[in-house]
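Remarks on the structure that follows.
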Protein chains: 2
Amino acid sequence: MHYSAYMNNIKIQINKYTTCFKALSDKTRLRIFYILSKLKKELAVCEIMDAIAESQYNVSRHLQILKHAGLIKENKKGRWVLYSINEDNDLASQLVQTVLALKPAYFKDDMQRAKARLKKRCKGKIVFCLNQPLKEKFDE
Amino acid sequence: MHYSAYMNNIKIQINKYTTCFKALSDKTRLRIFYILSKLKKELAVCEIMDAIAESQYNVSRHLQILKHAGLIKENKKGRWVLYSINEDNDLASQLVQTVLALKPAYFKDDMQRAKARLKKRCKGKIVFCLNQPLKEKFDE
DNA sequence: ATAATATATGCATTATAGTGCATATATGAA
DNA sequence: TTCATATATGCACTATAATGCATATATTAT
């Protein structure tokens, strides 16, 4: 292999790594990644939205960034898009361990909302989503 | 504790985590962190500079960012400032394991230069630094 | 005291990234 | 087909971050 091609390959590969760290360098994305790591389940966008009480468009955009980094994968099921940890990516699996070693206290609220949301599923099926952040729906 | 104070504390703590990931989201910093993780030694700024063939001011600045994130610590020794992994930080230790699990091939060149540079030490003492990137000094 | 070396940082420039709003697309239900 | 729901994205705006240059600070040697 040509020297410049060799150097170029190294650059690309190291970029893949930094892209993963960058993906977790945002609060919203770290919270999403934590929930997916902890629950070890596929979650729909609207469920994640409720768990972290963020707007639909932001959750969607952050999910794209996590997906583009290779940390999560998507699975389209009808009108829903389910996201889960991409275990095919070694670094993703490593980072799951890393975030699970963080103090759970700081993610407690998110986890409570996530679990509350998952309980609403009907025989494993997602039942409703209203594209509104959690507060307007659950705080009655 | 007041509710807003509680939320504020959570925000600050999660920010500490994202700051660590952000610190590793830059190519230069990831390379520095890798070298320090692998060598398990204190390295002077000029030695790191030679290892990654980067300018003095950039290396120095990136070291500040890693230090500020709590991933590395500094130890002033005369005119030199030695940097090493901050093992007091649990997340830093976790991330050391994470980066050591990355493919070594992509850090091989850096490691070779780092080792070559350390060999120039005299009885463990740093012997010379010229504030010039490696190429001008070693490629004779 | 002066010079040389090691490290850090202010500033200007450029590039990248996050947010909110509006809107587009896709799927299923009536 | 029409409507409602779920998800994605273009755009404008703002904020943050990386880089290079020059320079400041600190320490050691002469």
Side-chain angles (χ1 to χ4, degrees), chain A residues 11 14-15 18-19 21-32 42-50 52-69 72-83 117 120-121 125-134 136-137, chain B residues 14-15 18-19 21-32 42-50 52-69 72 74-83 117 120-121 125-134 136-137:
Chain A
K11 274 187 191 170
I14 293 193
N15 269 351
T18 54
T19 301
F21 289 114
K22 186 166 302 188
L24 296 183
S25 76
D26 174 89
K27 205 180 69 159
T28 306
R29 294 195 293 268
L30 180 61
R31 292 164 68 203
I32 293 173
E42 290 186 313
L43 267 77
V45 178
C46 56
E47 295 176 320
I48 295 169
M49 210 176 90
D50 285 347
I52 66 173
E54 264 291 337
S55 63
Q56 183 271 322
Y57 49 84
N58 263 335
V59 170
S60 182
R61 237 190 286 261
H62 285 303
L63 284 168
Q64 299 312 308
I65 293 172
L66 286 165
K67 187 182 79 173
H68 189 253
I72 64 174
K73 61 188 173 192
E74 74 174 40
N75 175 18
K76 209 159 183 324
K77 276 266 174 64
R79 93 176 85 177
W80 286 286
V81 181
L82 305 177
Y83 287 92
R117 188 59 174 80
K120 309 243 170 190
R121 283 189 186 183
K125 300 263 183 206
I126 298 129
V127 282
F128 75 99
C129 292
L130 290 176
N131 270 4
Q132 302 293 333
L134 188 71
E136 283 105 44
K137 293 192 302 187
Chain B
I14 293 192
N15 269 350
T18 55
T19 301
F21 288 114
K22 186 166 302 188
L24 297 183
S25 76
D26 174 89
K27 205 180 68 155
T28 305
R29 293 195 294 267
L30 180 61
R31 292 164 68 204
I32 294 173
E42 290 186 312
L43 266 77
V45 178
C46 56
E47 295 176 320
I48 295 170
M49 209 175 91
D50 286 348
I52 64 172
E54 263 292 338
S55 63
Q56 183 270 323
Y57 50 83
N58 263 334
V59 171
S60 182
R61 237 190 286 261
H62 285 303
L63 284 168
Q64 299 312 309
I65 293 172
L66 286 165
K67 187 182 79 174
H68 189 252
I72 64 174
E74 74 174 42
N75 176 16
K76 207 158 185 321
K77 274 268 174 62
R79 90 176 86 177
W80 285 287
V81 181
L82 305 178
Y83 286 93
R117 187 60 175 81
K120 309 245 171 189
R121 283 189 186 182
K125 298 263 183 205
I126 298 130
V127 282
F128 75 98
C129 293
L130 289 175
N131 270 6
Q132 302 293 331
L134 189 71
E136 284 105 40
K137 291 194 302 187

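Within every chain, numbering begins at 1; the chains are lettered A, B, ... in the order of the sequence lines, protein sequences first and strands thereafter.
- The shortest heavy-atom contact between B:L24 and B:L66 is CD2-CD2, 4.1 Å.
- With sequence neighbours excluded, the residues forming a side chain to side chain contact (heavy atoms under 4.5 Å, CB included) with B:S25 are A:F21, A:K22, B:K22, B:R29, listed by chain and number.
- At whole-Å resolution of the value, CD1 in A:I65 and P in D:dT9 are 11 Å apart.
- Note: CD (B:Q64) to C1' (D:dT19) measures 16 Å, nearest angstrom.
- Regarding A:H68, its NE2 atom lies at a distance of 15 Å from the C1' atom of D:dT9, rounded to whole Å.
- Take A:K67 and apply the salt bridge (Lys or Arg N to Asp or Glu O under 4.0 Å) test, not counting sequence neighbours, and it matches A:E74.
- Side-chain atoms of B:E47 and B:R121, non-hydrogen and from C-beta on, do get closer than 4.5 Å to each other.
- The side chain of B:T28 approaches D:dT19 more closely than any other nucleotide in the set C:dG20, D:dT19, C:dT9.
- Residues forming a side chain to side chain contact (heavy atoms under 4.5 Å, CB included) with B:S60 (at least two apart in sequence, or on another chain): B:Q56, B:Q64.
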Using a cut-off of under 3.5 Å, enumerate the N/O to N/O pairs linking the protein to nucleotides 12-17 of chain C.
| residue | atom | partner | partner atom | Å |
| --- | --- | --- | --- | --- |
| C:dA17 | OP1 | A:K22 | NZ | 3.4 |

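- We find that CD of B:E47 is positioned 17 Å from P of C:dT5, with the value rounded to whole Å.
- OP1 and OP2 of C:dG18 both lie 4.0 Å or more from every side-chain N or O belonging to A:N58.
- Listed nucleotides C:dT9, C:dT19, D:dA8 differ in distance to B:S60; the shortest reach to its side chain belongs to C:dT9.
- Between the CG atom of A:L30 and the C1' atom of C:dG18 there is a distance of 16 Å, rounded to whole Å.
- Spacing between atom CD of B:E74 and atom C1' of C:dA8 amounts to 10 Å, rounded to whole angstrom units.
- Shown here for A:T28 and A:I52, the closest heavy-atom pair between the two residues is CG2-CD1, 3.6 Å.
- Contacts of B:R31 classified as salt bridge (Lys or Arg N to Asp or Glu O under 4.0 Å), with partners at least two apart in sequence or in another chain: B:D110.
- For A:N15, there are no side chain to side chain donor-acceptor pair (under 3.5 Å) partners at least two apart in sequence or on another chain.
- At least one side-chain nitrogen or oxygen of A:H62 sits closer than 4.0 Å to the OP1 or OP2 atom of C:dT19.
- Computed from coordinates, the A:K27 NZ to D:dT16 P distance equals 13 Å when rounded to whole Å.
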Item to check | Sequence-aligned protein contact record of nucleotides 22-30 of chain D, with B where the base is within under 4.0 Å of a protein heavy atom and S where only the sugar-phosphate is | outcome: B---SSSS-

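- In this structure, CG of A:N75 is placed 15 Å from C1' of C:dT27, rounded to the nearest angstrom.
- Listed here is the closest heavy atom pair of A:L82 and A:E42: CD1-OE1, 3.4 Å.
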